[in-house]
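Quick caveat, the model's predicted, so the values are computed rather than measured. Labels below follow one simple rule: chain letters A, B, ... track the order of the sequence lines, proteins then strands, and each chain is numbered from 1.
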Amino acid sequence: MSLNSCIQCGTCIASCPSGRITALNTRRIIAEFISSGKKVEERDEIWFCVTCYACQERCPRGIEITDTLIEARRTLVRNKGLPGRLGYAFTFLMNHAALVPAREEHVELRRKLGLPIYHAQFDEKAKEEVRRIVEKHAGSVVRWSSSPAA
Amino acid sequence: MKIGLYICHCGRNIADVVDIKNLIGYFKDKVNVVRDHLFMCSEPAWEMIRSDVTNKLVDRVVIAACSPYNHEKFFRSALETAGLSKYLLEIANIREQCSWVHGKNKREATEKAKRLIEAAISKVKTLKPLDDLRFEVERSVLVIGGGIAGMTASLDLAKMGFKVYLVEKEPSVGGKLIKFDKIFPLNDCASCVVSSLMAEVANNPMIELITYAEVEEVDGSFGNFNVKVRKKQTYVDWEKCIGCGACTTVCPPKAWKPNEFDEGLSKRAAMYIVSPQAVPKKAVHDPELCVNCGKKKLGTRRFLRGGKEYLTPCEKACPTKAIDRSKSWNPEGELLNFNVGAIIVATGYKVMEKETFKEYAPHSPNVITALQFERILSPTGPTGGKVLRLSDGKKPKAISFISCVGSRDVRYHTYCSKVCCLYMLKQARLVKEREPEIDVYIHVIDVRAPGKDLEEYYIEARRMGIGVIRGKVGGIEELPNGRLRILGFDADLGMPVEVEVDLVVLATAIELPEDSKELARKIGVAVDPSGFLKEDHPKLRPVESTLSGIFLAGCCQGPKDVSETVAQAKAAAASVASLLSKEEIKVEPFIAKVNEEACSGCGICENVCPFNAIKVNEVAVVDERSCKGCGICASCPAKAIDIQGYSAESIIAEIDALVG
């Protein structure tokens, strides 16, 4: 269903858990698209969407609001790459198979006590799997580092 | 045989796509007269056709224009007034079947128009002069539904001298309106509007009021329908019942259930009288709810040890012995059978239940539908008209109304329910009048108050300090203290708003109840995509259903307020009267005709007829009244049956021209 069928009732933004505390205002995004043709992907605040789909579920016009925002994010990423820190986070995930690496002293302690080291970053199979997942979903914007740090 | 061809431009509807000059050139030598006109449905064009017939230039007419559904009757009248059989006419639909669907292929559209016209010419050559069938009219009417629409129509017809059978599903007439406190725009008392009508329909000698009954079967056609009505079993002798209500008060709480009249806000017993204003005011017994006090089942007797007969509390309470549980009551009730000339369907509406809307905390007892709030505002309701919430009996400090719940919403109903804006304003005003310190908010997409006195009604609500917030509510959160947090949006401020209230009223959508759809299926009336009963034409035949002789009134045809419902009911009554006031009615003669010499009396036709309209007595005989001209019987192995106006000869001629 096209954004043009929006009747500006406000259900989307009234349902939005993020919009209550952030600059995200889905109704305004659609209003400005209708009135001035401003593209959804030209707006930074779409990154505030938590993709809970409440707006899309409740929209009385059946507009696929969340899907539109996600699609706009894809376009943004395709054109400009991931925004700053997010690109770093994905690269880190790819290289370490985890967003939060294991703490050195914990690993030492486990070794000392003879406990298994279960962290993904020490498991080549897991690392390979995470790398494949990241590559599949964000492969075009992050690059595999050839020197994986342990 | 002199054939006249009349081609319509339909303004630019046809002429923009179909090459009319080309058509005229093509048919010039194939028929006796070819003429075109910008609007063939105009009076000058009608006169042109008529004078051609009168001057004996033509004796068969083909009109190439819009669908026969639009103007066939109008064109027939030109032939008839010129003294020719009006059925020597054929219409080629070059608008709906040509220009409108082939707008991008002008050349092909013109070629298709030629074929359609050729087929019509071939067919018109085979037509024979026919006369209308004439039937006597049953001067009585069945009105289904005893709400404001059904009662108004019944009374109007009764006053015009027609016998009316008013059938109501509930034990009492009054419909939804009797549940209301006041109605917009005058804030006059709903009960005062409707109570007198209830009394009138019960006492008018021309009206046979049949309550607690449902239409089971409708046969026959316009002018003479045969109707079967099932009168449900009341298990109370209504001849003796005086409506005192004594039985309803002794029925034990184990046999109680949510009271339909109070929209579930109170309880009613197995033995009940619908409402204090019920007409007829008679008690009804609900066997599904009954707990069989003293293990005395219906239709049995019980004797105590001393030999004395045991009576249930209801039997004991009844001062007139109208309740006798030992009688063998027939659970099927009684089947009534009568004939009527026309039917008015006025079965009304229902509102959507709040349970559908999970985002609006439907589990909270303090979230209610607007119809439930009507009961709270009503002096006959569970709070006696005091603005209280039922969860704790306390007066709310703040109330929010939420509009368009299920209306204007692709997930439920795309239409606007039309009356919600105004009734929310009305309910808000009634709250403010009674308890000015209660804060009242109305959350709306738009306020729709079109027409006389209604915008003024809205302005007065604003003046009274009712907060109208533009922006629909996204959700409701139930807070630990029992209050409700409205997650709303204020479009004027352009930001989310949150309001904490004690009571939420949902303006849920108006829709056609499932049992009305069932009834429509039974009697053959069409339901349109909105889910309401379909009128024959939204502007020209707004009270006629798609079946002749069956009319529509009130909200079963679409959401409308009391004024519009009454207007439509009166229109339906007048339309019925205009048809039934004649001695006889004329019906198109397109029915089965038997060639008695060819008929071998094999009886196949009798077996296949879906309308029981054909009987074999040595030879087949058609009941002209019941025959719908469907043509199934024309599959006769001896070719002894033809449909008048659609004979095998005509249809073959048409097909030959189309494929030739």
Contacting moiety of A:Cys59, where chain B heavy atoms sit under 4.5 Å: backbone
Considering all heavy atoms of both residues, which atom of B:Val473 and which atom of A:Thr11 are nearest to each other, and what is their separation? O-CG2, 4.0 Å
Do B:Lys472 and A:Arg58 pass the side chain to side chain contact (heavy atoms under 4.5 Å, CB included) test, and can you show the C-alpha distance, the side-chain angles, and the key distance before you say yes or no? CA-CA 10 Å; B:Lys472 207 184 154 191; A:Arg58 295 175 188 172; over 6 Å; no
Non-hydrogen atoms of B:Pro496 and A:Gly19 that approach each other most closely: CG-O, 4.2 Å
So does B:Arg483 have more than 12 non-hydrogen atoms from other groups sitting under 6.0 Å from CZ? yes
Top residue by heavy-atom pair count (under 4.5 Å) with chain A, among B:Gly474, B:Ala491, B:Gly471? B:Gly474
Looking at A:Glu129, I'd like to know if its CD atom is crowded, meaning that more than 12 non-hydrogen atoms belonging to other residues, nucleotides or ligands lie closer than 6.0 Å. no
B:Glu359 versus A:Glu57: any side-chain heavy-atom pair under 4.5 Å? no
Gap between atom SG of A:Cys9 and atom CZ of B:Phe489 - 0.5 Å precision: 9.5 Å
Looking at A:Arg61 and B:Arg408, would you say the former's side chain and the latter's main chain have a donor-acceptor pair under 3.5 Å? yes
Heavy-atom count check: over 12 atoms from other residues, nucleotides or ligands less than 6.0 Å from B:Met495 CE? no
With a cut-off of 6.0 Å (strictly less than), are more than 12 heavy atoms of other residues, nucleotides or ligands near CD of B:Glu353? no
